[in-house]
Amino acid sequence: MRDRKSSDISNHANSANPEPRAAPTHMPLEWDTPMYRLAVNQLDQTAELMNLDPNIWERLRTPQRAHVVSFPFRRDDYNTVETVFAYRVQHLLTMGPTKGGIRYHEDVNLGEVTALSMWMSWKCAIMNLPFGGAKGGVRIDPHTLSGDELQRLTRRYTSEIIEVIGPDRDIPAPDLGTDERVMAWIMDTYSQQKGYAVPGVVTGKPIEIGGSHGRSEATGRGVISCATEAGRSNDISLDGADVVVQGFGAVGGTAARLASAQGAHVVGLSNATGGTYNSKGLDIAAVSAWTKANGDGLADYPEGDAVSNQELLELPCDILIPAAIQNQITEKNAAALRCRMIVEGANGPTTLEADAILADRDILVVPDILANAGGVTVSYFEWVQGLQQFFWSEEEVNRKLIDLMQSAYHSVDQLAKEKGVTLRTAALMRGIERIKQAKHVRGVFP
Ligand code: NAD
């Protein structure tokens with residue numbers, strides 16, 4: 001890695017620093033996990049290409065604040081008290097309040113939440129939103145919890161992080177394993193402690209308490225908007241395309257429905273239990289009704305053939321949409337994929353090694369930090385509507401979302417062409433550059 005002469009981050013009075021410093025390379029032990037390494041390696045590769053000031057580069061590799069909590073959680077039987085681990089990480093406080101989802105999953109750890117908070121920083125900067133990145137998580141499988149247990153867990157977690165969240169401070173939203181019901185409990189717990197209603201403490205909340213129209217579908221809608229734009233520039237029309245979607249939750253479910261509404265054949269669909277394949281295309285409403293009536297097991301869906309999640313990713317299709325969890329497209333399967341384009345609904349579904357293989361194979365990847373930014377964009381709309389107490393119609397929200405997604409896509413695409421880099425690298429460059437400029441004008445305290 002090369003040395004730098006002067007620093008963009010230092011105050012002007014001190015800028016005559018004669019000592020060049022090397023680019024940062026160490027991987028801090030506190031955060032070191034596969035997902036954190038992926039996020040930092042993406043940053044390092046991009047920073048190198050951008051010739052980024054090492055002072056800023058190093059600041060961006062670790063979060064500004066990382067809260068680790070453990071708390072007792074009582075099961076419904078009133079006998080068992082478990083100790084649960086949970087996190088709230090704020091990566092970047094330079095741009096405004098921090099923003100990012102809360103994830104409930106049995107594998108959640110500090111490194112994972114930190115990686116997700118970094119990606120939130122880039123995402124907000126790419127979309128020009130006045131937020132830094134944050135993320136939260138509770139290490140628990142939400143599917144093992146009763147409704148009462150889920151509520152108790154959420155309220156206790158909120159109490160544990162209450163000092164670090166707030167409408168001007170850090171604003172959570174739904175992510176994997178959480179939904180608008182969880183957001184309502186967080187809002188209620190926070191408001192009870194403050195003594196007055198504070199709807200702005202979360203986004204992705206129900207409409208009845210100040211949620212925005214279009215928020216629950218925003219991430220999936222943004223994914224499909226990116227798929228449409230990327231398809232337009234690459235001769236893949238959504239109308240008539242074969243699409244495979246991994247994950248049938250908030251993001252994947254909406255993406256599948258909207259793709260189908262635009263004339264695509266959704267030939268493969270999966271969730272955590274497995275998947276189903278029908279070369280003629282699946283009826284998404286029928287799949288949804290069937291899973292509601294028969295439990296989650298998509299592999300048993302009678303109008304399709306059972307496939308495993310691994311097989312699903314390798315199905316022949318035009319567009320593959322990973323919309324479940326991280327680390328799905330790796331050096332083990334990247335050479336076997338049979339899609340023309342990948343649009344990442346999930347965060348971190350593709351490893352660095354797989355990215356290189358896909359680039360060699362000319363498979364276009366629309367990266368997570370661009371493709372799934374629709375969620376935080378409508379969260380921003382929700383925050384703005386809440387501040388003004390003036391609420392927009394669903395059409396208005398969707399139109400504004402699509403306008404912003406289209407212009408972000410084209411700005412990243414243009415940069416990728418100018419610099420001769422992948423869309424992921426261009427998106428990272430765009431986000432990091434905006435943050436660099438903000439850090440430069442703010443300087444260093446004291
Ligand atoms: P969700 O909980 O609503 O749905 C997740 C889906 O993935 C479910 O169908 C689940 O069964 C499936 N799944 C879980 N583990 C799986 C596995 N091992 N293999 C295959 N499928 C599996 O979550 P979501 O909100 O749709 O989030 C999905 C992804 O999108 C996550 O990576 C999340 O970080 C990302 N994301 C979500 C939002 C949002 O607004 N909800 C925004 C940006 C990014």
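Atoms within a ligand are numbered from 1 in the order they appear, just like the ligands themselves. Since this is a predicted model, take the numbers as computed values, not measurements. Below, all heavy atoms of this structure are taken into account, side chains as well, without hydrogens, waters or symmetry copies.
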Please report which non-hydrogen protein atom sits nearest to [atom], along with the residue it belongs to and the distance in Å to one decimal place.
atom: atom 30 (O) of ligand 1; result: Gly345 O, 3.4 Å
atom: atom 31 (C) of ligand 1; result: Ala324 O, 3.1 Å
atom: atom 4 (O) of ligand 1; result: Gly249 CA, 3.3 Å
atom: atom 9 (O) of ligand 1; result: Phe248 N, 2.9 Å
atom: atom 34 (O) of ligand 1; result: Asp175 OD1, 2.6 Å
atom: atom 26 (O) of ligand 1; result: Val251 N, 2.9 Å
atom: atom 5 (C) of ligand 1; result: Leu176 CD1, 3.6 Å
atom: atom 2 (O) of ligand 1; result: Gly177 N, 3.0 Å

Note to self: I'd like the name of whichever of Ala272, Pro142, Pro322 reaches closest to atom 16 (C) of ligand 1 through any heavy atom.
What the structure shows: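 Comparing heavy atoms across Ala272, Pro142, Pro322, the nearest one to atom 16 (C) of ligand 1 lies in Ala272.
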
Next item on the list: Would you mind finding which of Ser216, Ala250, Ser379 brings a heavy atom closest to atom 1 (P) of ligand 1?
Entry: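 Comparing heavy atoms across Ser216, Ala250, Ser379, the nearest one to atom 1 (P) of ligand 1 lies in Ala250.
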
Note to self: Counting only heavy atoms from other residues, nucleotides and ligands, does the tally under 6.0 Å from CZ of Arg65 exceed 12?
What the structure shows: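 Incorrect, the count does not exceed 12.
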
Contact partition for [X] relative to ligand 1, non-hydrogen atoms under 4.0 Å:
X: Pro349; value: neither
X: Arg103; value: side chain
X: Gln310; value: neither
X: Asn309; value: side chain

Next item on the list: Establish, from distance only, whether the side-chain atoms of Glu344 and Thr350 form a donor-acceptor pair under 3.5 Å.
Entry: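 On atom types as modelled, these side chains qualify, holding a pair under 3.5 Å.
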
Item checked: Distance-only side-chain donor-acceptor flag, Gln246 / Asn309, under 3.5 Å ->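 The answer is yes; a qualifying pair exists.
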
Notebook entry, point to check: Are the side chains of Val108 and Val138 in touch, meaning some heavy atoms are under 4.5 Å apart?
Noted result: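 Contact flag for Val108/Val138 side chains = no.
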
Item checked: Shortest non-hydrogen separation from Lys99 to Pro172 and the atoms involved ->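 Reported closest heavy-atom pair: NZ-O, 3.6 Å.
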
Check: So, the side chain of Glu382 versus the backbone of Gly204: is there a donor-acceptor pair under 3.5 Å, distance only?
Finding: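 Yes; judged by distance alone, with no hydrogens or angles, the pair exists.
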
Notebook entry, point to check: When Arg424 is tested against each of Leu370, Val365, Leu358 for side chain to side chain contact (heavy atoms under 4.5 Å, CB included), which residue passes?
Noted result: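 The passing option is Val365.
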
Next item on the list: Sort out for me which residue in Ile357, Leu352, Leu313, Thr351 forms a side chain to side chain contact (heavy atoms under 4.5 Å, CB included) with Thr330.
Entry: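 Looking at Ile357, Leu352, Leu313, Thr351, the match for Thr330 under the side chain to side chain contact (heavy atoms under 4.5 Å, CB included) is Thr351.
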
Note to self: Strictly by ring-ring contact (aromatic ring centres under 6.0 Å, His included), give each pair with a member in residues 280-334 just once, sequence neighbours left out.
What the structure shows: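 Applying ring-ring contact (aromatic ring centres under 6.0 Å, His included) to every pair that reaches into residues 280-334, excluding sequence neighbours, yields Trp290-Tyr301.
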
If you count the atoms of ligand 1 from 1 in the order shown, which ones are under 4.0 Å from a heavy atom of [X]?
X: Asn271; result: 9 (O), 11 (O), 20 (C), 21 (N), 22 (C)
X: Thr219; result: 38 (C), 39 (C), 40 (O), 42 (C), 43 (C)
X: Arg215; result: 40 (O)

Next item on the list: Take the angle between the ring planes of Tyr157 and Tyr104 and call it parallel below 30°, perpendicular above 60°, tilted in between.
Entry: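 Rings of Tyr157 and Tyr104: perpendicular, over 60°.
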
Next item on the list: Looking only at distances, please establish whether an N/O atom of ligand 1 is found under 3.5 Å from an N/O atom of Asn347.
Entry: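 In this structure, Asn347 places an N or O atom under 3.5 Å from an N or O of ligand 1.
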
Notebook entry, point to check: How would you list, by chain and number, every residue that makes a side chain to side chain donor-acceptor pair (under 3.5 Å) with Ser411, sequence neighbours excluded?
Noted result: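 Side chain to side chain donor-acceptor pair (under 3.5 Å) list for Ser411, sorted by chain: Arg430.
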
